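In what follows, a single structure is set out as structure tokens and then discussed.
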Amino acid sequence: MTKKIAIYPGSFDPVTNGHLDMIERGLRLFDGLIVAILHNPAKTKALFSVEERMEMLREIFRDKPNVEVDSHSGLLVDYAEKKQASAILRGLRAVSDFEYEFQMALMNRRLNRKVQTVFLMTGLQWIFTSSSIVKEAATFGGDVKSMVPPLVNEKLRERFSKNG
Ligand code: PNS
């Protein structure tokens, strides 16, 4: 039987507990997930390099053989086709995500009709968690440990104690 694989794409700068929740739930729908770091042209200033983000993700999912971590520098739908994935998984938080996600899903569908976008509602606990807000709080010394995996918390602390 062919395995149902989905791509879970994003910037993951850095990965948050909201992302982990989405991945866990995605694994109940798909046989495997490819967590893929792609370039979001709207996000011009990254905190962690793609290699650093990949390293963190690989460490976090070290014991999950059905989660692959990868990166791609082109179009998401081309990557999905290359990886023979039938779906793109995205999380929806509050209303504010909707327009952007809707636009992106329709564009991806126009570019390649074979790949379906599947949305899951973010768990209520993570509805206000985003990489951007985590980075902003961490920049000013805020405690974000309840919002990110322990490894990410460590890396954020290292980063800001070095620069601060
Ligand atoms: O975590 P993000 O920043 O919301 O993720 C957005 C991302 C990286 C998935 C999106 O920008 C993306 O798919 N970038 C690759 C280029 C692409 O295919 N764009 C969508 C159609 S134009």
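Computed from a prediction, not measured in an experiment: that's the story for all the values here. Order of listing sets the numbers, starting from 1, for every ligand and every atom in it.
Taking 4.0 Å as the cut-off between side-chain N and carboxylate O, K135 and D13 count as a salt-bridged pair. Comment: E154 does not engage R157 in a salt bridge, judged by the lack of any side-chain N to carboxylate O separation of less than 4.0 angstrom.
Shortest contact from atom 1 (O) of ligand 1 to any protein heavy atom: S11 N, 3.0 Å. Here the protein heavy atom with the shortest distance to atom 21 (C) of ligand 1 is N108 OD1, 3.3 Å. Y100 OH, 3.4 Å is the protein heavy atom nearest to atom 6 (C) of ligand 1.
Close approach of ligand 1 to M107 is summarised as follows: ligand atoms under 4.0 Å from at least one heavy atom of the residue are 21 (C), 22 (S). For ligand 1, the atoms sitting less than 4.0 Å from at least one non-hydrogen atom of K43 are 1 (O), 2 (P), 3 (O), 4 (O), numbered in the order shown with element in parentheses.
Of the N or O atoms in L76, one or more lie within a sub-3.5 Å distance of an N or O in ligand 1. Residue E101 has no N or O atom closer than 3.5 Å to an N or O atom of ligand 1.
The environment of CE in M121 is crowded: more than 12 heavy-atom neighbours from other residues, nucleotides or ligands sit within 6.0 Å.
The residue among R90, H39, Q103 with a heavy atom at the shortest distance from atom 14 (N) of ligand 1 is H39.
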Practice task
In sequence, state the C-alpha distance, the side-chain angles, and the governing distance for R159 and E52, and then conclude on salt bridge (charged side-chain N to carboxylate O under 4.0 Å, His left out).
Solution key: CA-CA 12 Å; R159 182 60 56 104; E52 287 172 317; 2.8 Å; yes
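Judged by distance alone, the side chain of R90 and the main-chain N or O of V118 form no donor-acceptor pair under 3.5 Å.
Residue contact check for ligand 1: A42 places no non-hydrogen atom closer than 4.0 Å to it.
The CG atom of L106 lies 8.5 Å from the CZ atom of R109; values are rounded to the nearest 0.5 Å.
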